Engineer: 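Supplied in structure tokens, the structure appears directly below.
Just so you know, these numbers come straight off a predicted model, no measurement behind them. Both backbone and side-chain heavy atoms feed into the values below; hydrogens, waters and symmetry mates do not.
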Amino acid sequence: MKSVYEMVTNRIIEQLEKGVIPWHKPWTGTINGAYNRISNKSYSLLNQMLLKHAGEYATFKQWDNLGGHIKRGAKSEIVVFWKIQQVEEIQEDGTKEVKNISLLRYYNVFHISQVEGVEPRNKNDLTENEPIAAAENIKDNYKARENIEIIETILDRAYYSPAGDYIKIPAKEQYKDIEEFYSTLFHEMIHSTGHKTRLNRLDTENKAMFGNEVYSKEELVAELGSAMLLNMLNIETSKTFKNSAAYIQNWLQVLKNDSRFIVSASSKAEKAVNYILSEA
């Protein structure tokens with residue numbers, strides 16, 4: 001009798017054989033990149049690289065004027081700017097010459113996720129989603145057992161940080177369908193099982209850089225594992241399944257469409273799921 005793991009893997013392969021499927025980002029984003037809440041203008045390219053999140057930023061005073069309160073323990077980030085300062089210089093002949101000198105300055109800003117009492121500007125893009133109890137139990141049990149931080153906040157990317165051993169994902173309200181939130185959450189949870197203190201699957205020595213073979217194989221593991229968990233909980237939808245297949249297809253193209261990698265990734269995904277469910 002086929003296991004859930006084999007069944008999901010075979011269904012994914014069958015879906016892939018039907019042809020190219022477009023992948024879509026399951027959450028709604030904010031305005032592209034980081035921007036100031038008051039001016040509604042995007043920060044410069046340099047500041048986009050300095051800031052950790054996409055979305056709304058403002059200074060302490062700006063948030064205070066909006067009726068917001070910075071959360072206790074929140075740490076500010078910096079935004080830099082050039083300030084022109086006029087300096088008088090005495091020339092050899094005794095005359096004065098005014099020169100403009102560019103000075104690099106900075107000010108502190110806080111992200112919307114660090115603020116209480118102010119609703120995100122893109123509130124109309126958010127959805128009131130009801131959590132799924134069984135999925136929340138899996139998350140909470142894993143989080144407590146592994147002492148891993150899972151941060152749900154308004155942002156435009158989802159990732160697991162091996163160095164910090166934490167997960168960061170867009171908030172439930174950013175998904176049109178709650179099942180897609182759990183698909184994203186489980187994907188990152190599967191990644192976290194690869195930490196050296198768990199299944200030791202993440203190949204940090206070979207630098208799993210975005211787009212290379214090591215990175216691509218790990219993405220297959222994460223997405224297959226996520227699809228398996230959704231299926232087990234009976235919260236898989238046709239939308240989540242097709243999107244998983246599309247995501248897997250993208251990474252298989254990096255691996256030159258070699259379907260053998262799915263079988264290998266499926267075995268690792270099964271181990272990861274069992275680990276999350278404490279059945280390893």
Side-chain angles (χ1 to χ4, degrees), residues 3-6 8-9 12-13 23 25-27 49 52-53 135 138-153 155-170 180-232 240 243-280:
S3 67
V4 170
Y5 305 103
E6 291 177 300
V8 171
T9 302
I12 290 280
I13 291 173
W23 181 80
K25 185 176 66 174
W27 61 84
M49 292 188 289
K52 296 178 181 178
H53 311 291
I138 289 176
K139 178 192 75 174
D140 292 340
N141 291 338
Y142 180 71
K143 180 179 177 179
R145 188 183 82 232
E146 298 299 321
N147 194 29
I148 182 172
E149 190 175 12
I150 299 177
I151 305 165
E152 302 173 27
T153 187
L155 76 164
D156 202 20
R157 61 183 291 228
Y159 63 93
Y160 164 66
S161 168
D165 194 29
Y166 65 85
I167 291 168
K168 207 160 194 180
I169 58 169
E180 292 191 304
F181 166 78
Y182 291 108
S183 176
T184 303
L185 170 65
F186 291 154
H187 179 104
E188 302 307 331
M189 285 173 60
I190 295 289
H191 276 317
S192 73
T193 65
H195 191 270
K196 61 184 178 181
T197 62
R198 299 183 186 104
L199 298 179
N200 197 24
R201 188 183 62 249
L202 299 180
D203 193 348
T204 53
E205 292 298 318
N206 288 331
K207 304 295 182 185
M209 302 299 289
F210 182 84
N212 72 7
E213 185 173 300
V214 174
Y215 190 103
S216 304
K217 289 179 180 177
E218 174 60 22
E219 288 303 308
L220 295 183
V221 173
E223 194 61 24
L224 280 166
S226 174
M228 291 168 180
L229 278 167
L230 290 180
N231 187 276
M232 285 179 178
T240 62
N243 212 36
S244 289
Y247 189 85
I248 288 168
Q249 185 177 62
N250 288 341
W251 290 108
L252 273 181
Q253 289 171 357
V254 176
L255 298 169
K256 299 179 181 176
N257 293 316
D258 190 339
S259 61
R260 290 175 300 177
F261 284 119
I262 292 187
V263 178
S264 171
S266 177
S267 174
K268 293 177 180 177
E270 180 179 349
K271 290 179 182 177
V273 170
N274 285 336
Y275 188 91
I276 287 173
L277 299 176
S278 196
E279 297 173 1

Engineer: Does some side-chain heavy atom of Tyr166 sit less than 4.5 Å from a side-chain heavy atom of Glu188?
Structural biologist: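 With C-beta onward as the side chain, the pair stays apart.
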Engineer: Side-chain contact test, heavy atoms from C-beta onward, threshold under 4.5 Å: evaluate it for Thr9 versus Met228 and give yes or no.
Structural biologist: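 Contact flag for Thr9/Met228 side chains = yes.
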Engineer: Is a side-chain donor or acceptor of Ser244 paired with a backbone partner of Thr240 at a separation under 3.5 angstrom?
Structural biologist: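 Between the backbone of Thr240 and the side chain of Ser244 there is a qualifying donor-acceptor contact (under 3.5 Å).
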Engineer: Is Tyr142 close to Thr193 at the side-chain level, that is, under 4.5 Å between some pair of heavy atoms?
Structural biologist: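 With C-beta onward as the side chain, the pair touches.
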Engineer: Find out whether Glu219 and His187 are in side-chain contact, i.e. whether some heavy atom of one side chain is under 4.5 Å from a heavy atom of the other.
Structural biologist: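 SC-SC contact between Glu219 and His187 confirmed.
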Engineer: Ignoring hydrogens and angles, tell me if any N or O in the side chain of Glu6 forms a donor-acceptor pair with the backbone of Ser3 under 3.5 Å.
Structural biologist: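 It does hold such a pair.
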Engineer: Among all residues two or more places apart in sequence or in another chain, which pass the side chain to side chain donor-acceptor pair (under 3.5 Å) test with Thr184?
Structural biologist: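 Testing Thr184 for side chain to side chain donor-acceptor pair (under 3.5 Å), a comparison that skips the adjacent residues, returns none.
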Engineer: Tell me, please, which residues at least two apart from Asp165 pass salt bridge (Lys or Arg N to Asp or Glu O under 4.0 Å).
Structural biologist: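 Testing Asp165 for salt bridge (Lys or Arg N to Asp or Glu O under 4.0 Å), a comparison that skips the adjacent residues, returns Arg198.
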Engineer: Once ring pair (Phe, Tyr, Trp, His ring centres under 6.0 Å) is applied, do any residues pair with His195, and if so which ones, sequence neighbours excluded?
Structural biologist: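 Ring pair (Phe, Tyr, Trp, His ring centres under 6.0 Å) check on His195 returns nothing, list empty.
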Engineer: So, for Ser183 and Leu230, which heavy atoms are closest and what is the spacing to 0.1 Å?
Structural biologist: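 Closest approach of Ser183 to Leu230: CB-CD1, 3.7 Å.
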Engineer: Kindly give the heavy-atom pair with the smallest separation between Ala265 and Leu220, and that separation in Å.
Structural biologist: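 Result for this residue pair: CB-CB, 3.8 Å.
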Engineer: Any side-chain heavy-atom pair from Ser278 and Arg145 closer than 4.5 angstrom?
Structural biologist: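 They are in contact (side-chain heavy atoms under 4.5 Å apart), so the answer is yes.
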Engineer: Hey, does Met232 have a side-chain heavy atom less than 4.5 Å from the side chain of Val8?
Structural biologist: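 Not in contact.
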Engineer: Ser226 and Ile190: which non-hydrogen atoms are nearest, and at how many Å?
Structural biologist: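 Taking every non-hydrogen atom into account, N-CG1, 4.0 Å.
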Engineer: Grab the two heavy atoms, one from Leu202 and one from Pro162, that are nearest each other, plus how far apart they are.
Structural biologist: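 Nearest pair, atom of Leu202 first, then Pro162: CD1-CG, 4.0 Å.
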Engineer: The criterion is salt bridge (Lys or Arg N to Asp or Glu O under 4.0 Å); which residues satisfy it with Glu180, sequence neighbours excluded?
Structural biologist: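 Glu180: no salt bridge (Lys or Arg N to Asp or Glu O under 4.0 Å) contacts found.
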Engineer: Taking ring pair (Phe, Tyr, Trp, His ring centres under 6.0 Å) as the definition, give me every residue that meets it alongside Tyr160, ordered by chain and number, with sequence neighbours left out.
Structural biologist: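 In terms of ring pair (Phe, Tyr, Trp, His ring centres under 6.0 Å), with neighbours along the sequence ignored, Tyr160 is linked to no residue.
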Engineer: Indicate yes or no: at least one non-hydrogen side-chain atom of Val221 is less than 4.5 angstrom from one of Lys217.
Structural biologist: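 Not touching, per the 4.5 Å side-chain cut-off.
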Engineer: Could you list the residues that satisfy side chain to side chain donor-acceptor pair (under 3.5 Å) with Glu152, not counting sequence neighbours?
Structural biologist: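 If we apply the side chain to side chain donor-acceptor pair (under 3.5 Å) test to Glu152, skipping adjacent residues, the hits are Lys139, Lys172.
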Engineer: Flag the pair Ile138 / Tyr182 as yes when at least one side-chain heavy-atom distance between them is below 4.5 Å, and no otherwise.
Structural biologist: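 They are not in side-chain contact.
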Engineer: Test Phe181 against Trp27 for ring-ring contact (aromatic ring centres under 6.0 Å, His included), laying out the working first.
Structural biologist: CA-CA 8 Å; Phe181 166 78; Trp27 61 84; over 10 Å; no
